Structure formats: C-alpha cells, structure tokens
Amino acid sequence: MVATSFKSAAESYRIPPTLWPEEPTFYAYKRVLIWTPFPRYFANSIVVSGCTSLFSTLIGTLAGYACSRFYIRGKRWFLGAVLATQMLPGVLLVGPYFRVLSKIGLYDTLAGLILAFTSITLPFSIWMMKGFCDTVPRELDEAAFVDGCSYFGVFARVIVPLIGPGMVATVIFAFLLAWGDLLWSACLIASTSKRTVTLVLSQMVTEYRVMWPELMAGSLIAALPPVLLYLILQKYLVRGLTAGAVKG
C-alpha cells in the first residue's frame, strides 16, 4: 500500500509490476487531499464513528449495570433477545432501517447513520458491560451505600473505575465497526457531502479501471484513526486487565 501510493498512475499499471516506485511522487496524496473533498469525508467518518462509540458505550454501560445489579422481571428473556439480534445479517436489516429512517426524516443524515450504528453495536456493548459488572463484588456496592452513595453514585464512583477495560474494549469495537462499514453508509447516505471514507474509497474502483495510487493513499490515511485510537487506549486496556494480578 505504501509503495503503490507513491507511484504514478502509469507505473501502477506497468507489467511486470515494480515493487518500489522508480520515481516516487506525492501526486496521489495531492489528488486525494487537495483536489477532492476527502478531508470532509474523513471528518464525517470521525463524527459518525466517535458518536457511535460514545453512545454505544454509555448506554451499554448503564444497561449492563442495571441487568447486573437489579431484579428485572424477564431479564433472561431480554438478554437472550438482545443476543439474538446479533445473529441477524446486516443485509437483512438495512431495508427496514431505510424505511424507518425515511419515515422519521433521518434518511441521508449523519444522525440517522449514527443511530443505525449505535443500535447495531449496542447488543455487544450490553453483554460486554454486564459481564464486567458481574465481576465487581457486591460488597463494594454495600460499602458505598453505607457511606451514603445512591445507586448512581455507586455506579459512577465504584463500578465505572473498575470496569474501565470493558469500556475501552467497547469503544474500540464500536469505533472500528462504524469506521470500516460500507453497506450501511452506501444505503443510508445519498448526498455527496455526507459520504464517509469507506464509501469514497469504494468509488475509486470504477467499471473500467482502478485508481490504484489514489486508492492506496486514501486507504493509508483512513487507517490512521483506528491505529491511533488503539495506541492511545491500549495502555488503559492492559492496565485494567492486569490490575490485581500480582499480590504484594
């Protein structure tokens, strides 16, 4: 990908192909970043993926805490239904989502796309956060109640600090799913100004040719946010998973 992104269009089609560019050029990067609205598409993906990961983690953590700590009639059926939604393929769901978003006026909007992605990632988030909440001893809740904490105080001051690794994993999962999706973006977005990075990259594969240098340059730029997100959150994930692993 790196080598092809620095090749000219002629060299990228050369047979036999060259492993390294003979005359490196930034032409593909200039065309992607300056001559096209790629930065706008990049910003759209950042907004959609960031909001999806935020909402999915927040709602999933609250729902997981409720399912872990409170008696709810039919809780097992609810969790089973939540898990069953993960078995439905996206191709089967995109049609109903299109109809629903059209009815409520959210078709061809970033808000509608965020809502769709959040509903897709939420089942995983609920199950993930419930599992982490179950690992927190209830004695800590009781001690916090004795100190005068409310249920929300216990959640904010006791539960959340201890389930940090689960929240980090949920953030990464939701962000990557929304960032790399193509099907939902193609079906729920029609305006050119609201396209996401993956949708734009797919359009570089045309009917008669593939713009290899531009495609590789755009793919490298699009790979930066997931890589940076993982590098930033990795230490928090590892720190939480290894906390208390060694006594003394």
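Quick caveat: nothing in here was measured; it's all calculated off a predicted structure.
- Proximity of a side-chain donor or acceptor of Ser191 to a complementary backbone N or O of Ser193 within less than 3.5 Å is not detected.
- Closest non-hydrogen pair, Ile189 versus Thr109, comes out as CD1-O, 3.7 Å.
- Within 6.0 Å of the CZ atom in Arg157, the count of heavy atoms belonging to other residues, nucleotides or ligands does not exceed 12.
- No side-chain donor from either of Tyr41 and Thr36 sits under 3.5 Å from a side-chain acceptor of the other.
- We find the CE-CE distance between Met204 and Met216 to be 9.5 Å, quoted to the nearest 0.5 Å.
- Annotation: the span from Thr61 atom OG1 to Lys130 atom NZ amounts to 14.0 Å, rounded to 0.5 Å.
- Looking only at side-chain heavy atoms (C-beta outward), Ile163 and Val136 come within less than 4.5 Å of each other.
- In this structure, Asn44 contributes its side chain and Thr196 its backbone to no donor-acceptor pair below 3.5 Å.
- In this structure, CG on Leu122 lies 11.0 Å from OG1 on Thr52, to the nearest 0.5 angstrom.
- Ser49 contributes no side-chain N or O that, together with a main-chain N or O of Ile46, makes up a donor-acceptor pair within less than 3.5 Å.
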Would you check, one step at a time, whether the test side chain to side chain contact (heavy atoms under 4.5 Å, CB included) holds for Val160 with Tyr65?
CA-CA 9 Å; Val160 170; Tyr65 172 67; over 6 Å; no
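- For Ser8 and Glu23, the side-chain atoms include no donor-acceptor pair closer than 3.5 Å.
- Side-chain contact between Ile120 and Thr85 is absent, with no heavy-atom pair separated by less than 4.5 Å.
- Proximity of Phe55 to Cys51: side-chain heavy atoms (C-beta onward) are separated by under 4.5 Å at one or more points.
- In terms of heavy-atom proximity, Val171 sits nearest to Ser53 at O-CB, 3.6 Å.
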Apply side chain to side chain contact (heavy atoms under 4.5 Å, CB included) to Met129 and Thr170, showing your working.
CA-CA 8 Å; Met129 301 317 302; Thr170 303; 3.5 Å; yes
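- Neither Leu19 nor Leu220 shares a network with the other; the hydrophobic side chains, linked directly or stepwise wherever heavy atoms of I, L, V, M, F, W or Y lie under 4.5 Å apart, form separate groups for each.
- Across Phe98 and Cys187, no two heavy atoms sit closer than the pair CD1-O, 3.8 Å.
- Placement of Phe70 and Val154 within a single hydrophobic cluster is found when ILVMFWY residues are connected by side-chain heavy-atom separations under 4.5 Å, directly or transitively.
- Between Tyr29 and Phe6, the distance from one ring center to the other falls under 6.0 angstrom.
- In this structure, a donor-acceptor pair under 3.5 Å is present between the side chains of Asp134 and Ser68.
- Between the side chain of Lys7 and the backbone N or O of Thr18 there is at least one donor-acceptor pair closer than 3.5 Å.
- Between Trp184 and Tyr107, the ring center distance fails the sub-6.0 Å criterion.
- Closest approach of Ser219 and Met1 over heavy atoms only: CB-CE, 3.4 Å.
- Taken together through direct or relayed side-chain contacts under 4.5 Å among Ile, Leu, Val, Met, Phe, Trp and Tyr, Leu62 and Met167 form part of one hydrophobic cluster.
- A heavy-atom distance below 4.5 Å is found between the side chains of Phe117 and Ser185.
- Tracing side-chain contacts under 4.5 Å through hydrophobic residues (I, L, V, M, F, W, Y), one never reaches Leu224 starting from Phe175; they form parts of separate clusters.
- Hydrophobic cluster membership is shared by Tyr97 and Val91, with clusters built from Ile, Leu, Val, Met, Phe, Trp and Tyr side chains linked at under 4.5 angstrom.
- The minimum heavy-atom distance between Glu11 and Trp20, with the atom names listed, is OE2-O, 3.6 Å.
- At a threshold of 4.0 Å, the pair Glu214-Lys30 does not count as salt-bridged, since none of the basic side-chain nitrogens sits closer than that to a carboxylate oxygen.
- Distance OG/Ser119 to CD1/Ile59: 10.0 Å, rounded to 0.5 Å.
- Under the side chain to side chain donor-acceptor pair (under 3.5 Å) criterion, Arg40 pairs with no residue, sequence neighbours left out.
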From CA spacing to verdict: side chain to side chain contact (heavy atoms under 4.5 Å, CB included), Arg209, Tyr13
CA-CA 10 Å; Arg209 70 176 185 134; Tyr13 289 104; 3.7 Å; yes
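- By the 4.5 Å heavy-atom criterion applied to side chains, Pro225 and Phe42 are counted as neighbours.
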Does the pair Tyr151 and Phe145 meet the rule for a ring-ring contact (aromatic ring centres under 6.0 Å, His included), with working shown?
CA-CA 8 Å; Tyr151 283 106; Phe145 287 136; 5.0 Å; yes
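- For the atom pair Ile172 CD1 and Thr57 OG1, the distance stands at 10.0 Å (nearest 0.5 Å).
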Could you please spell out the steps behind the side chain to side chain contact (heavy atoms under 4.5 Å, CB included) verdict for Arg69 and Ile159?
CA-CA 11 Å; Arg69 289 299 194 261; Ile159 302 296; 3.8 Å; yes
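- Evaluation of the side chain to side chain donor-acceptor pair (under 3.5 Å) rule for Thr121 yields Ser56 as partners, not counting sequence neighbours.
- A heavy-atom distance below 4.5 Å is not found between the side chains of Thr198 and Ser45.
- Contact between Leu199 and Leu182 at its shortest, heavy atoms only, is CA-CD1, 3.8 Å.
- Going from atom CD1 of Ile126 over to atom CZ of Phe78 covers 4.5 Å, rounded to the nearest 0.5 Å.
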